[in-house]
Number of protein chains: 2
Amino acid sequence: MVVELEKHEAAGRAVPEPSLRRMPLYHRMLKQLMDGQRTQVTCTEIGLQLGFDPTQIRKDLEYTGIAGRPKVGYPLGALIAAIESFLGWNNVNDAFLVGAGNLGAALLGYPHFADYGLNIVAAFDRDEAKVGRAIHGKEVFPLSRLVGLAQRMHILIGIITVPEPAAQEVADLMAAGGMLAIWNFAPAHLKVPPQVIVHNENLYCSLASLSQKLAKSLAAKPGDAAPPSP
Amino acid sequence: MVVELEKHEAAGRAVPEPSLRRMPLYHRMLKQLMDGQRTQVTCTEIGLQLGFDPTQIRKDLEYTGIAGRPKVGYPLGALIAAIESFLGWNNVNDAFLVGAGNLGAALLGYPHFADYGLNIVAAFDRDEAKVGRAIHGKEVFPLSRLVGLAQRMHILIGIITVPEPAAQEVADLMAAGGMLAIWNFAPAHLKVPPQVIVHNENLYCSLASLSQKLAKSLAAKPGDAAPPSP
DNA sequence: TATTATTAGAGAAAAGTTTCTCGATAAAGA
DNA sequence: TCTTTATCGAGAAACTTTTCTCTAATAATA
């Protein structure tokens, strides 16, 4: 017997990655509209402001399980709530951050992560000089305590902001501590147990795309700005 | 008359974004192989280590214009050079960074950007307290000098690490200064002239993908780690 | 030298994503 | 009330990206 699942059922098929990544853009825009005392919004309007096709937005919003009405659109408050629920931003997850360097400090000071389901509760670092200090109100512990504290506090999310050579070792510790999701800012390909979700935030990957397009654009119309070697 | 272009010709068709974003992963891995005194590499080997399909890698590498040999693979040094050339990492571009906060400082201290075609030469900030100081050896200028200096120095790349409300204004200044590429770390949808390439590095977009998958994974098997409200 | 195993490269097929088309529905105006 | 207009929602079509299949080339081995 085959059980038909609703499209937006939790255990249903995977949601396209591009759709997932557009959700926060909708969310942000809708929040701003909400501040302007609006109560309804249409895909046409969202698309116009964000530069997306309205049909695409309709398909994306379908994943959240909300229904709109022709000629009117979607109820704003309910739509925002649906997105937050869909993304799991209702239940805030505690997280550990490893690597209290520049980037780590930046993330520790990032505003409003808690509004987006992420609560960084502590930092870890191998450097004894950093241990014991607090950064943006978050205490820094020695790396040796990571596994024990993660297990005891049931921490599910780990954030890696260490230099590349240490990244795999930190990932191993996180897996040993029972973490299920790793947000990896080190430019490294991590090997983890199958139950662990890894998201890589490799800046060089983004940079590659940017610089290739710029190089191509300069090659196409070598104007005033790009002096070729004379 | 129709002129047939080579696939890898500079003015040719657009390279898929996913392919572009995989290039730095190949580059990194190949560099490590190079350190191990290797001279040849096959797609099979790259795929095994990075977890990609070898055919996909072959298609990606085709864009760089390099040719491999059956049974042998690609010459390692030439392949690395081809990737760097393809991504425009040979000609280093100067860049200005605006927003000398936590994240800005992290980027100013990022290692080896110059090896990847990006040379951040100066920072800018609206905050008078930050102006005049140097962060990781890069001087901080007042925002008012951005346009003039960008024009004079022919700066093509701008990096935005200001809070969201100031992002559009900074983008406008960058466009006015003649910049052609913007790397935007603010969670904002920027409106820019058509010739300007914008790359958004919205952390909330990545976080959304991560937290949705984690929430789904927890919902699927509510094991020891996720205590439901009793 | 012939055979075998491996791999690049090209093209086809499959899978995934975006855009288009159309009917249904709801609101506003004639 | 009837017509017009705007928009949702569903399915089809177009496009993009990944994976598969096959051939030819190359080196190693018998």
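One atom, CD1 of B:I66, and another, C1' of C:dG9, lie 14 Å apart when rounded to the nearest Å. Between the OH atom of A:Y74 and the P atom of D:dA6 there is a distance of 18 Å, given to the nearest Å. As a whole-Å value, the separation of B:E62 CD from C:dA8 C1' is 9 Å. Rounded to an integer number of Å, the gap from CZ of B:R21 to P of D:dT16 is 19 Å. For B:L48 and C:dT7, the CG to C1' distance is 14 Å, given to the nearest whole Å.
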Taking N or O atoms only and anything under 3.5 Å, show me the protein contacts with nucleotides 24-28 of chain C, one pair per line.
| residue | atom | partner | partner atom | Å |
| --- | --- | --- | --- | --- |
| C:dA26 | O3' | A:R69 | NH2 | 3.4 |
| C:dA27 | OP1 | A:R69 | NH2 | 2.1 |

Please enumerate all protein N or O atoms sitting under 3.5 Å from an N or O of nucleotides 17-21 of chain D, with distances to 0.1 Å.
| residue | atom | partner | partner atom | Å |
| --- | --- | --- | --- | --- |
| D:dT18 | OP1 | B:R22 | NH1 | 2.9 |
| D:dT18 | OP1 | B:Q56 | NE2 | 3.4 |
| D:dT18 | OP2 | B:R22 | NH2 | 2.9 |
| D:dT18 | O5' | B:Q56 | NE2 | 3.1 |

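The side-chain heavy atoms of B:V98 and B:M174, taken from C-beta on, include a pair separated by under 4.5 Å. Inter-residue side-chain proximity for B:I46 and B:F52 is flagged as unmet; no heavy-atom pair is nearer than 4.5 Å.
Ring planes of B:Y116 and B:H27: perpendicular class, angle over 60° (limits at 30 and 60°). The aromatic rings of A:Y204 and B:F113 lie perpendicular to each other, with more than 60° between the two planes, well past the 30° mark.
Taking only side-chain atoms of A:A67, from C-beta outward, the nucleotide of C:dG9, D:dG9, C:dT7 with the closest atom is D:dG9.
Summarising the geometry, atom CD1 belonging to A:I57 is positioned 11.0 Å from atom OG belonging to A:S19; distances are rounded to the nearest 0.5 Å. Between B:L79 atom CG and B:L61 atom CG the span is 5.5 Å, to the nearest 0.5 Å. Taken to the nearest 0.5 Å, the CD1 atom of A:I157 stands 9.5 Å off from the CE atom of A:M179.
Listed by first then second residue, pairs satisfying salt bridge (charged side-chain N to carboxylate O under 4.0 Å, His left out) with a partner in residues 103-119 of chain A number zero, not counting sequence neighbours.
Listed by residue number, the members of residues 196-212 of chain B with any heavy atom below 4.0 angstrom from DNA chain D form an empty set. DNA chain D lies under 4.0 Å from no heavy atom of any residue of residues 33-40 of chain B.
The side-chain contact (heavy atoms from CB on, under 4.5 Å) test with B:V41 is passed by exactly one of B:V72, B:L76, B:I80: B:L76.
At a cut-off of 3.5 Å, with distance as the only test, no side-chain donor of B:Q56 or B:D60 sits close to an acceptor on the other residue.
Partners of A:R69 according to the salt bridge (charged side-chain N to carboxylate O under 4.0 Å, His left out) rule, which considers only residues two or more places apart in sequence or in another chain, do not exist here.
Annotation for B:K31: atom NZ does not count as buried by contact number, only 12 or fewer foreign heavy atoms lying within 6.0 Å.
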Begin from the C-alpha positions of A:S211 and B:W89 and carry the test side-chain hydrogen bond (donor to acceptor under 3.5 Å, both in side chains) through to its verdict.
-> CA-CA 7 Å; A:S211 54; B:W89 287 355; 3.0 Å; yes
